2 protein chains.
Amino acid sequence: LKRKNIPSITINRLCIYHRCLEKIIEAEGKKESIFISSSEIAAITGINSTQIRKDLTYFGEFGKRGIGYPVINLVRELEKILGLDKKWSVIIVGAGNLGKALARYRGFQNRGFLIKGIFDKDPLKIGKKIGHISIYDIKELEKFIRDKNIDIGVLVVPAEFAQEVADKMVAGGIKAILNFAPTHLILPSEIKLQNVDLSIEFAGLTYYLSL
Amino acid sequence: LKRKNIPSITINRLCIYHRCLEKIIEAEGKKESIFISSSEIAAITGINSTQIRKDLTYFGEFGKRGIGYPVINLVRELEKILGLDKKWSVIIVGAGNLGKALARYRGFQNRGFLIKGIFDKDPLKIGKKIGHISIYDIKELEKFIRDKNIDIGVLVVPAEFAQEVADKMVAGGIKAILNFAPTHLILPSEIKLQNVDLSIEFAGLTYYLSL
């Protein structure tokens with residue numbers, strides 16, 4: 001099996017399955033005896049059950065015919081597959097409202113995304129703290145990424161500065177970028193990029209409001 | 001055709017196609033002569049081209065065999081389908097960092113999501129402004145929603161207050177809620193709910209970092 005060849009759309013669905021199973025555990029408790037069938041996952045996620053079975057067999061045979069998938073075990077396997085069982089070092093560039101909100105977002109720490117620092121160019125912000133996380137001078141960005149072996153950079157600067165900051169992250173040795181700036185970044189192919197567009201979240205709602 | 005019966009996963013994919021076509025227009029300009037095939041959309045989005053053709057025929061025959069879909073026209077049709085050709089009245093509850101960031105997010109206004117007010121219970125915040133948007137007392141929430149006929153409420157309060165605020169939105173007559181609080185809301189079935197989990201954006205990246 002070549003993991004690298006799994007299409008990114010399958011990975012997106014694996015994230016959805018993982019989230020769905022986590023919610024079941026939140027509701028039912030962490031009992032080893034809970035099983036779920038592909039048609040139950042289908043009913044919750046809206047993804048076709050044949051597709052679900054196909055996606056999960058990429059990684060081996062988790063389920064038992066007629067019983068379904070053991071929920072706790074499947075969550076653990078998906079966490080391993082998705083790299084969510086590890087700790088990741090993260091920095092945020094941009095100490096505006098969104099950068100501050102992300103630094104305080106409890107969901108990140110809980111899932112192993114450890115925010116090591118925030119960077120900004122504003123002298124009034126440099127040296128201050130957001131919660132327990134320090135704000136550093138953006139001039140130190142490259143060295144910080146290299147010295148602390150940072151995995152993921154979160155980009156929350158205005159669009160006109162995004163490429164310049166991304167280039168500095170790459171020069172420091174960042175491995176992946178989560179980009180909130182509404183701009184198209186040009187990066188070396190080995191750097192993983194995820195663009196976040198918050199207005200997409202609205203689009204799903206307005207369809208139903210238009211019916 | 002019964003629009004109500006279209007599965008939500010198809011709607012999600014329509015949002016993805018819409019965003020993909022918008023990016024093509026950004027890159028190529030707004031020329032009526034641009035066409036795109038389902039296999040080109042597939043290459044960009046990672047969604048299977050058979051699936052794409054199937055999704056788009058829900059709404060009629062946009063494309064021409066051997067030529068593809070006219071991009072400008074397809075975007076317009078998708079906007080009509082998704083309700084993105086209309087203006088929507090939005091309020092934000094919670095004037096913390098994330099609430100402020102969302103109020104300033106240019107992407108919303110550009111897409112017809114008009115933010116009419118921000119609500120908070122902090123007397124130090126009430127009466128202030130974020131950009132040109134006023135912060136109101138949360139006590140006025142229900143009446144404001146009713147009087148101004150607000151469509152969508154954005155919930156960015158701490159998890160422990162989320163259900164209480166959501167209930168007030170519903171009492172005021174809100175039609176849909178975009179929930180950033182990491183909690184499970186219980187709502188009447190006619191209210192559309194979209195939960196946003198920002199840590200999901202990371203999950204796609206860590207898969208590739210784990211390879």
Side-chain angles (χ1 to χ4, degrees), chain A residues 3-4 7-9 11-12 14-16 18-19 23 26-27 45-48 80-84 86 88 90 96-102 104-108 110-113 151-152 156 175-178 182 184 192 194 196-211, chain B residues 3-4 7-9 11-12 14-16 18-19 23 26-27 45-48 80-84 86 88 90 96-102 104-108 110-113 151-152 156 175-178 182 184 192 194 196-211:
Chain A
R3 276 211 192 182
K4 277 198 181 182
S8 66
I9 192 81
I11 302 305
N12 290 348
L14 294 178
C15 295
I16 295 170
H18 175 254
R19 195 74 199 93
K23 283 189 178 166
E26 274 168 37
T45 60
I47 300 168
N48 184 294
K80 272 190 233 165
I81 289 162
L82 294 171
L84 295 173
K86 300 196 184 73
W88 300 98
V90 177
N97 286 316
L98 188 54
K100 284 185 204 163
L102 294 174
R104 287 182 187 277
Y105 192 70
R106 273 178 271 166
F108 294 155
N110 295 347
R111 286 163 187 277
F113 301 107
D151 301 298
I152 304 172
V156 272
K175 299 176 192 86
I177 294 177
L178 189 62
H184 178 72
K192 282 290 151 191
Q194 174 98 344
V196 183
D197 178 353
L198 292 172
S199 59
I200 278 195
E201 307 286 352
F202 274 118
L205 288 175
T206 53
Y207 168 77
Y208 295 99
L209 295 179
S210 308
L211 287 177
Chain B
R3 276 210 189 182
K4 278 199 179 180
S8 65
I9 192 79
I11 302 305
N12 291 347
L14 294 178
C15 295
I16 295 170
H18 175 254
R19 194 75 198 92
K23 283 188 178 164
E26 274 169 35
T45 60
I47 300 168
N48 183 295
K80 271 190 235 168
I81 290 162
L82 294 171
L84 296 172
K86 301 195 184 75
W88 300 97
V90 177
N97 286 315
L98 188 53
K100 284 184 205 162
L102 294 175
R104 287 182 186 280
Y105 193 70
R106 271 178 274 166
F108 294 156
N110 295 347
R111 286 163 187 276
F113 300 108
D151 300 299
I152 304 172
V156 274
K175 299 177 192 86
I177 295 178
L178 190 63
H184 178 72
K192 283 290 152 191
Q194 175 97 344
V196 184
D197 179 353
L198 293 172
S199 60
I200 278 195
E201 307 286 352
F202 274 119
L205 288 175
T206 55
Y207 169 77
Y208 295 99
L209 295 178
S210 309
L211 286 178

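Every chain is numbered from 1 and lettered A, B, ... according to where its sequence line falls, protein lines coming before strand lines. Quick caveat, the model's predicted, so the values are computed rather than measured.
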Region of B:V156 that comes under 4.5 Å of a non-hydrogen atom in chain A: neither

Measure distances from B:I177 to the heavy atoms of chain A and classify the residue's part below 4.5 Å as side chain, backbone, both or neither. backbone

Which atom of A:G83 lies closest to which atom of B:S210, heavy atoms considered: CA-OG, 3.1 Å

Side chain from CB out, backbone as N, CA, C, O: work out which of these in B:L178 comes under 4.5 Å of a heavy atom of chain A, or both, or neither. both

Just so I know, are the side chains of A:T206 and B:I152 near enough to count as touching, which here means a heavy-atom distance under 4.5 Å? yes

For each of B:L98, B:L84, B:V196, B:L198, tally heavy-atom pairs with chain A at distances under 4.5 Å, and name the one with the top tally. B:L198

Between CG of B:L205 and NZ of A:K192, what distance do you get to the nearest 0.5 Å? 9.0 Å

What closest approach, in Å, do B:Y207 and A:I81 show between heavy atoms, and which atom pair accounts for it? CD1-O, 3.2 Å

